[in-house]
Structure formats: C-alpha cells, structure tokens
Amino acid sequence: MWTCARADTWRGSGDVTVSFRTSRYAPAEPGRTIARARATAACSRFGQHIVAASGWRSPKGHWYALAAGSRAVTRISMSGDVTATKRARTLAVPAAREPRVTVRAHLSTGEDLAAVGTPGT
C-alpha cells in the first residue's frame, strides 16, 4: 500500500511524505518512508499526480525495484540499477540488493512527471 501524507499551514505550500507498507493484512505494521518533499503542491488538489519508487525485499529474500503512480499515470519508466518501462500505474522489477533507481511517469494529459522528492517536485 502506497500513501501520500500532506501537512499544510496557512502560509502556503505544504510538506509531503510518501510511505510504502507491504502488507494490507498487518495494519499495525508501520509504513516505510520512501520519499519526502518540502514546499510542494504534491498530494493536494493542486498537485494530484505523483509517482514514487522504492526497493523492496520479499519474504523469500528476493529484491525488487517497485514504482507506483496516481490515477492519471499511464506509463512508468525506471532507470539506474534497473531499467524498465511499463504502460501501467505500477511497476515491479527483479533487482540487486537495495536498488537505486530514478523513476518518471507519463500522464494521460501528455505531461511527464518526476518522482516525489526529485528537485522541482
């Protein structure tokens, strides 16, 4: 489960934290923070579209590079330790231990989107 939590003040743009929780059957398990951004419109009505990525180790010990995007995401591209592209809102690719990746998304509007926490997002 991917979540984007936002904290705003009356002064303007807020801060966001993107978290990833591996089991929907263990709601007490805390999510792991995978991205943060300060002074951004992300995760608000003014910045509804987001994409984020994380490394994940399965219970069997296999590593994966994961990425997920919001509803308007139509394609995700990953580069770095893993290179992959998929026409979908999610992407999971086998990877080496703790993969480092850069992720970008393509939106249904035709725009490209950098991951939360990337400079300029």
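Just so it is clear, the model here is predicted, and its values are computed rather than measured.
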Measure from the side-chain N and O atoms of Ser44 to the backbone N and O of Ala41, and report whether any donor-acceptor pair falls under 3.5 Å.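 Checked: pair present.
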Are the side chain of Ser58 and the backbone N or O of His62 linked by a donor-acceptor pair below 3.5 Å?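 Yes, Ser58 side chain to His62 backbone: donor-acceptor pair under 3.5 Å.
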I'd like to know if Asp81 pairs up with Arg100 as an ion pair, taking the criterion as any Lys NZ or Arg NE/NH1/NH2 lying under 4.0 Å from an Asp or Glu carboxylate oxygen.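 Result for this pair is no, no salt bridge flagged.
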Is any side-chain heavy atom of Thr74 closer than 4.5 Å to one of Leu107?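 Contact flag for Leu107/Thr74 side chains = no.
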Provide the closest heavy-atom pair for [X] versus [Y] in the form atom of the first, atom of the second, distance.
X	Y	result
Ala67	Ile76	CB-CG2, 3.8 Å
Ala52	Ala115	CA-CB, 4.4 Å
Ala92	Leu66	CB-CD2, 3.6 Å
Val82	Pro94	CG2-O, 4.0 Å
Val16	Ala42	CG1-O, 3.2 Å
Gly47	Ile50	O-CG2, 4.2 Å

[atom1]-[atom2] distance between [X] and [Y], expressed to the nearest 0.5 angstrom:
X	Y	atom1	atom2	answer
His49	Thr109	NE2	OG1	6.0 Å
Tyr64	Leu91	OH	CG	12.5 Å
Arg21	Met1	CZ	CE	4.5 Å
Thr17	Arg6	OG1	CZ	11.0 Å
His106	Arg87	NE2	CZ	7.0 Å
Lys86	Met78	NZ	CE	10.5 Å

List the steps and the verdict of salt bridge (Lys or Arg N to Asp or Glu O under 4.0 Å) for Arg104 and Asp112. CA-CA 7 Å; Arg104 292 195 63 82; Asp112 284 325; 5.1 Å; no
side-chain contact (heavy atoms from CB on, under 4.5 Å) involving Arg32 - partner list, sequence neighbours excluded: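 Arg32 satisfies side-chain contact (heavy atoms from CB on, under 4.5 Å) with Phe20, Ile34, Ser54 only.
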Do Trp56 and Trp63 sit in one hydrophobic cluster, given that two such residues count as connected whenever their side-chain heavy atoms are within less than 4.5 Å of each other, even indirectly?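 The answer is no; the residues belong to distinct hydrophobic clusters.
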